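Please read the structure below before turning to the comments.
Residue numbers start from 1 in every chain, and the chains themselves are labelled A, B, ... in the order their sequence lines are given, proteins ahead of strands. Small disclaimer: the values here were computed from a predicted structure and weren't measured.
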Amino acid sequence: MTRSARRPLVALALLSSLTVAACGGATPGGNAGTGAQGPAAASDTSAWVLTGGGWPVIEKTFDTWNDAHPEQKIAVEAFANDAYKEKIRTSVGSGQAPTLIMNWTGGALADYVENGQVADITAETAALVKRVTPSVAENGVVDGKTYAVPLNDVQPVVLYTNEDVFASVGVEVPKTFDDLLAVVPKFREAGIAPISIAGQSVWPELMWLQYLTDRIGGPEVFQAILDGKPDAWSDPAVVDALTKIQQLVQAGAFVDGFASVTADAGSDFALVHTGKAAMILQGSWGYATFKTDAPEFAGTSLGFAEFPAVQGGAGDPANIVGNPANFWSVSASAGDASKKAALDYLNDSVYSDDQVAAMLAAGSVPPITGLEEQIAATEDADYLGFAYDLVDKAPHFQLSWDQALPSQQATELLTNLSKVFLEELTPEQFATAMNGTLG
Amino acid sequence: MTLTTPVSTGAVASSHRTGEGPGRRRKGGVPFFMVVPAALVFGLFALLPLAGVVGLSFMEWDGLGTPTWAGLSQWAGVLSNPVTLDAMRLTVVFVVVSFVFQAPISLLLGVFMAGRQRNRALLAVLSFLPLVFSSAAVGIAFKALLDPNFGLSSVLPTGWLGGNLLGDPDRALYIVIFVVGWSFVPFHALLYQAGVRQIPAALYEAATLDGATTFQLFRFVTIPQLRYTIITSSTLMLVGSLTYFDLIFVLTGGGPGSATRILPLDMYLTGFRSYTMGAASAIGVILAAVGLAMSLLLNRLSGSGRMESQQAGL
């Protein structure tokens with residue numbers, strides 16, 4: 001036999017040994033698979049969770065649930081935030097959604113309800129909803145029926161400050177918009193950026209527009225936009241808010257090159273804890289980020305404050321914006337056994353005593369009434385108490401506009417807003433462009 | 001096995017049947033049915049989805065529920081949307097500037113590295129490094145390097161080349177073109193290097209005997225002999241940058257504002273951020289049509305459709 005003729009034989013021998021190996025590997029795996037599946041059909045109950053943030057705490061509740069309820073197991077898969085956002089909608093649309101559909105309420109939930117893709121769970125979750133802060137719970141209600149219940153912490157947007165930098169420049173944390181404008185040149189003279197912002201991600205810029213609009217005109221201004229009233233974006237409060245934003249841009253309030261700073265890399269927070277910037281307006285998850293990235297700074301020099309008031313503004317300065325929470329909805333296309341397992345999980349595990357304690361320990365605030373004493377006993381009592389009071393006393397909690405609006409309007413809002421920050425659009429041009437998306 | 005057996009016996013049978021010499025057999029070509037597997041795969045994975053996208057481009061669909069017919073108004077909306085029109089303008093700038101930036105550097109680098117000295121081999125290996133990094137890794141690395149606060153800005157010169165490179169709407173596109181070029185020049189240089197090494201040494205010897213200078217060798221021997229490599233490389237470069245997506249998505253996400261939102265990004269953002277699948281499909285159809293037209297045109301210009309030998313007349 002020549003050398004070349006033997007080659008296929010060698011290959012064949014290799015191939016068959018590989019096949020044998022593959023079979024050998026597959027057999028025990030297959031056994032384990034059937035073993036884990038359990039007797040009940042409820043194993044097709046599923047939930048998708050996110051990575052990062054407070055999600056490890058949530059994921060743990062599923063482990064606990066599955067251990068305690070072998071006949072009602074829920075399969076859990078984790079996704080990164082952006083990947084999830086892009087996958088969930090196509091999954092829901094094609095009837096392949098998980099039993100528990102996580103959402104931010106707002107426009108997406110309204111779409112799901114309109115297409116009959118999430119179940120009405122008003123009766124089944126009434127007891128749970130009763131314990132939740134009303135301003136948070138009402139986000140899951142569409143046309144008077146509950147379609148979603150909150151599952152994690154409240155996320156109000158807070159003004160974080162570097163107290164050392166404020167002390168070295170010798171200024172106070174601004175209480176009004178005029179104070180804010182006044183401290184800008186003082187920080188710049190000291191070579192410190194007054195405000196850090198992740199402009200490439202754009203949604204942190206939206207927090208400025210939301211707060212300023214609310215302080216100037218109150219929540220009714222955005223409600224008119226949500227209702228699709230003609231020319232609602234031309235409301236003087238929106239135009240005034242955008243004008244004030246451009247005033248800040250022109251004064252150099254935002255860090256140089258803010259349009260290329262991204263939120264996912266955490267460099268917007270790093271600017272503050274390295275002392276390169278004095279303030280940052282960000283969601284309440286920022287506290288956990290500071291604690292992780294710069295524990296020493298978080299312990300000694302991190303300050304937090306409410307968004308400044310605008311003198312003469314119609315809005316209540318106690319109003320807040322942000323994300324009331326993430327929410328669970330139950331898929332309408334799930335089978336009865338799966339639906340029951342999902343609802344049982346919601347009633348048993350979401351905001352149970354253990355869960356509330358775990359969330360507080362992780363530095364986040366559950367939207368549950370009557371937690372003052374428990375919070376006072378925690379390690380982060382200062383911050384958690386501040387955030388809890390902020391939510392508890394807020395007459396109005398505005399859901400982030402990019403979540404509240406239908407997705408097409410939300411993307412145009414972010415694009416146009418970034419152009420206002422870059423001074424490529426005037427407030428009036430912004431209003432005209434956005435009015436085109438209404439109705 | 002069941003699939004391949006009839007094919008191979010068929011091929012053998014047909015050559016037996018014709019019973020002609022090798023030259024004749026080549027001209028008659030392989031039996032028609034041998035194209036069936038490829039045609040099936042192409043039809044299933046290319047033509048069918050393409051037809052779906054064309055259909056969807058006349059509909060209104062938000063990803064939930066059923067698509068509704070919108071007809072030509074969908075196309076009218078896309079073709080009058082200022083964001084999409086601006087994306088088309090940016091795409092033209094991106095394709096042209098990318099080509100002007102990459103093509104000469106790739107050609108010169110490839111020709112230089114086709115030499116056989118040892119130091120050139122080392123240089124070749126080093127310069128090919130960008131080729132092995134994934135676009136996502138290149139994007140993340142450059143984003144960190146160009147970060148205005150924690151990146152290289154302190155060592156970069158001030159002025160046009162310094163500071164806020166990716167955050168400046170006037171410069172961001174050119175920075176993106178540079179980074180894309182940085183990661184693709186090695187590939188095209190590799191093509192040219194291979195092309196130059198194919199050129200028979202006899203041509204250079206003859207030209208040298210006729211008294212040609214180095215520049216004349218390059219101009220009258222290398223360039224004409226590289227004709228097909230130039231066409232291949234240019235087609236890949238032009239059609240590639242027309243559909244380029246991943247690195248820009250990581251680097252700028254289309255921003256600042258919409259300064260780097262070229263058509264493929266516009267398609268993605270329209271489809272998977274705004275959930276207007278109809279409009280996104282229309283943009284996809286435009287991209288496919290322009291890409292097809294461009295590669296056909298390049299093929300026609302080069303005459304490579306005739307498939308003549310590169311070494312004809314030798």
Side-chain angles (χ1 to χ4, degrees), chain A residues 82 85-95 97 107-108 111-117 193 196 199-202 254-262 264-268 270-271 274 276-277 402 406-412 414-425 433 436-437, chain B residues 60-67 77 80-83 86-87 139-140 142-151 153 158 162-172 175-176 249-261 265-266 268-280:
Chain A
D82 287 358
K85 275 186 190 162
E86 277 148 23
K87 186 178 165 74
I88 187 65
R89 195 173 172 105
T90 38
S91 304
V92 171
S94 60
D111 282 352
Y112 294 159
V113 171
E114 195 187 323
N115 286 291
Q117 274 144 340
S196 168
Q200 189 180 319
S201 309
V202 194
F254 299 106
V255 62
D256 291 341
F258 64 85
S260 55
V261 177
T262 49
D264 48 1
S267 54
D268 50 343
L271 280 166
T274 55
K276 288 175 189 243
D402 54 346
S407 29
Q408 189 182 357
Q409 295 181 33
T411 25
E412 289 202 30
L414 293 177
T415 309
N416 285 319
L417 179 61
S418 69
K419 290 185 178 176
V420 169
F421 269 79
L422 292 165
E423 297 185 271
E424 287 181 350
L425 285 183
T437 68
Chain B
E60 204 78 67
W61 190 42
D62 66 355
L64 300 172
T66 42
S80 63
N81 183 349
V83 176
D86 195 45
I140 291 169
F142 267 94
K143 200 153 97 172
L145 284 175
L146 297 176
D147 187 300
N149 301 295
F150 299 100
S153 60
T158 50
N164 182 21
L165 291 168
L166 283 172
D168 180 350
D170 296 332
R171 288 180 288 171
I175 303 301
V176 166
F249 183 70
V250 174
L251 211 51
T252 65
S258 48
T260 57
R261 185 167 168 154
L265 266 176
D266 188 46
Y268 178 83
L269 297 175
T270 308
F272 293 100
R273 291 274 166 83
S274 299
Y275 297 106
T276 43
M277 296 296 178

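The choice from E86(A), R89(A), E424(A) that makes the most heavy-atom pairs within less than 4.5 Å of chain B is R89(A). Options S418(A), S407(A), A277(A) differ in how many heavy-atom pairs under 4.5 Å they form with chain B, and the most are formed by S407(A).
Using a 4.5 Å cut-off between heavy atoms, N149(B) contacts chain A through both its backbone and its side chain. Only the backbone of L251(B) has a heavy atom closer than 4.5 Å to any heavy atom of chain A. Only the side chain of T276(B) comes within contact range of chain A, judged by heavy atoms closer than 4.5 Å. Heavy atoms closer than 4.5 Å to chain B are found in the backbone of D256(A), but not in its side chain. Interface remark: A270(A) contributes backbone and side-chain atoms alike to the contact with chain B (heavy atom separation under 4.5 Å). For chain A, the nearby parts of D62(B) are the backbone and the side chain; heavy atoms of each come within less than 4.5 Å.
Contact of the S274(B) side chain with the E412(A) side chain is not registered, since no non-hydrogen atoms from C-beta on lie closer than 4.5 Å. Looking at heavy atoms from C-beta onward, F150(B) lies in side-chain contact with T274(A) at the 4.5 angstrom threshold. Put simply, the side chain of R261(B) reaches to within 4.5 Å of the side chain of T415(A), judged on heavy atoms.
Residues passing the ring-ring contact (aromatic ring centres under 6.0 Å, His included) test with F272(B) are Y268(B), sequence neighbours excluded. Evaluation of the side-chain hydrogen bond (donor to acceptor under 3.5 Å, both in side chains) rule for S267(A) yields no partner, not counting sequence neighbours.
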